[in-house]
Amino acid sequence: MNKQQKRDHLYMKMAHTWSENSYCERRQVGALLVKDQMIISDGYNGTPSGFENHCEDDNNVSFPYVLHAEANAITKVARSHNSSDGATLYVTASPCMECSKLIIQSGIKRVVYGEKYRLMDGVELLQKAGIEVEYLPLTE
């Protein structure tokens with residue numbers, strides 16, 4: 001295993017640990033944005049700031065305003081003095097179509113994900129945009 005592969009495994013484990021901050025019951029997703037071997041942002045799925053930390057209704061359906069981990073990490077870096085241009089995004093689940101559009105527009109050049117979601121159209125869009133995408137299942 002080379003240095004990059006070791007880093008990828010480490011950052012993926014960290015993203016998984018970060019996902020445990022989510023209050024969502026159906027699925028907990030974590031994301032880390034890494035640039036020049038530094039974590040510049042993080043995120044997990046959940047409600048917007050100021051909302052109650054409850055993601056699903058009584059039928060276990062996610063509220064439409066719940067943010068995905070990738071969106072949280074990207075918007076968090078946008079509020080900082082950092083830039084996501086050229087960064088790598090580590091996320092515990094494959095990005096959806098909406099998050100993939102944000103990834104493309106934010107200049108992220110590489111996405112490493114740990115679990116395949118039922119819809120893979122977001123991953124296909126990333127590949128079409130020339131973003132390097134790697135599936136790296138979390139194994140202990």
Side-chain angles (χ1 to χ4, degrees):
M1 187 179 296
N2 67 33
K3 281 185 180 183
Q4 185 60 56
Q5 290 169 322
K6 286 180 183 178
R7 281 191 209 105
D8 287 348
H9 281 277
L10 177 63
Y11 288 130
M12 186 56 69
K13 285 195 327 191
M14 292 170 74
H16 179 73
T17 299
W18 198 244
S19 74
E20 295 172 10
N21 285 307
S22 173
Y23 286 88
C24 296
E25 294 178 20
R26 288 181 46 209
R27 162 174 270 151
Q28 294 179 313
V29 180
L32 292 179
L33 256 177
V34 177
K35 185 174 178 179
D36 300 325
Q37 298 179 32
M38 292 185 301
I39 298 170
I40 61 169
S41 189
D42 53 55
Y44 51 86
N45 57 325
T47 57
S49 299
F51 282 66
E52 182 182 352
N53 287 323
H54 190 72
C55 299
E56 297 90 2
D57 64 19
D58 292 337
N59 296 319
N60 204 31
V61 175
S62 293
F63 292 118
Y65 53 81
V66 170
L67 290 160
H68 290 186
E70 305 94 316
N72 267 325
I74 290 167
T75 55
K76 192 175 188 178
V77 79
R79 293 180 69 177
S80 74
H81 296 289
N82 285 316
S83 167
S84 55
D85 197 38
T88 297
L89 176 70
Y90 295 88
V91 61
T92 58
S94 58
C96 70
M97 180 63 78
E98 291 303 311
C99 287
S100 292
K101 292 189 280 188
L102 291 174
I103 291 166
I104 292 165
Q105 290 301 99
S106 66
I108 293 168
K109 295 300 179 204
R110 184 168 178 255
V111 175
V112 181
Y113 68 95
E115 178 185 331
K116 292 181 180 179
Y117 189 58
R118 61 182 170 82
L119 298 175
M120 295 298 288
D121 54 352
V123 170
E124 293 166 10
L125 182 68
L126 292 172
Q127 291 168 333
K128 185 175 181 178
I131 294 174
E132 181 184 343
V133 181
E134 186 174 339
Y135 171 55
L136 182 65
L138 182 66
T139 55
E140 294 298 326

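- V77 and I39 are members of different hydrophobic clusters when ILVMFWY side chains are connected at heavy-atom separations under 4.5 Å.
- With values rounded to the nearest 0.5 angstrom, L33 atom CG is found 6.5 Å from I74 atom CD1.
- Residues P95 and S100 approach most closely at CB-OG, 3.6 Å, considering heavy atoms.
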key: Step-by-step side chain to side chain contact (heavy atoms under 4.5 Å, CB included) determination, E56 to C24   = CA-CA 7 Å; E56 297 90 2; C24 296; 3.7 Å; yes
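- How far CD of Q105 is from OG of S84: 10.5 Å, rounded to the nearest 0.5 Å.
- The two residues A73 and A31 come nearest to each other via the heavy atoms CB-CB, 4.3 Å.
- Pairs of residues two or more places apart, or lying in two chains, that qualify as side chain to side chain donor-acceptor pair (under 3.5 Å) and include a residue from residues 61-78 are R26-S62, D42-K76.
- The nearest pair of heavy atoms linking C99 to A71 is SG-N, 4.2 Å.
- Counting heavy atoms from C-beta outward, F63 and D57 have side chains that approach closer than 4.5 Å.
- For E20, there are no side chain to side chain donor-acceptor pair (under 3.5 Å) partners at least two apart in sequence or on another chain.
- The hydrophobic clustering, which links ILVMFWY residues whose side-chain heavy atoms are closer than 4.5 Å, places F51 and Y44 apart.
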message = Between H16 and K13, is the side chain to side chain contact (heavy atoms under 4.5 Å, CB included) condition met? List the steps.
response = CA-CA 5 Å; H16 179 73; K13 285 195 327 191; 5.6 Å; no
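- Taking CE of M14 as the start and OH of Y90 as the end, the distance is 10.5 Å to the nearest 0.5 Å.
- For the pair N2 (side chain) and Q4 (backbone), a donor-acceptor distance under 3.5 Å is present.
- Atoms OG1 and CD, from T92 and Q28 in turn, are 9.0 Å apart once rounded to the nearest 0.5 Å.
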Which atom pairs, one a donor and one an acceptor, fall under 3.5 Å between side chains of residues 115-134 and the rest of the protein, sequence neighbours left out?
unit_1	atom_1	unit_2	atom_2	d
E115	OE2	R27	NH2	2.4
E132	OE2	R110	NE	3.2
E134	OE1	R110	NH2	3.0

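- One hydrophobic cluster holds both L136 and L32 under the rule that ILVMFWY side chains link at heavy-atom gaps under 4.5 Å.
- No donor-acceptor pair under 3.5 Å is formed between the side chain of T47 and the backbone N or O of V66.
- A donor-acceptor pair under 3.5 Å is absent between the side-chain atoms of N59 and the main chain of V61, judged by distance alone.
- Using modelled atom types, one side-chain atom of N45 and one backbone atom of V29 make a donor-acceptor pair closer than 3.5 Å.
- Atom OG in S106 sits 8.0 Å away from atom CG in L89 (nearest 0.5 Å).
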message = Assess the residue pair H9 and M12 against the criterion (side chain to side chain contact (heavy atoms under 4.5 Å, CB included)); give the C-alpha distance rounded to whole Å, side-chain angles, the decisive distance to 0.1 Å, and a yes or no.
response = CA-CA 5 Å; H9 281 277; M12 186 56 69; 5.8 Å; no
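- In the hydrophobic clustering of this structure, Y23 does not group with L67; members are Ile, Leu, Val, Met, Phe, Trp, Tyr whose side-chain heavy atoms approach within less than 4.5 Å, directly or through other members.
- With hydrophobic clusters built from ILVMFWY side chains whose heavy atoms lie under 4.5 angstrom apart, I108 shares a cluster with Y113.
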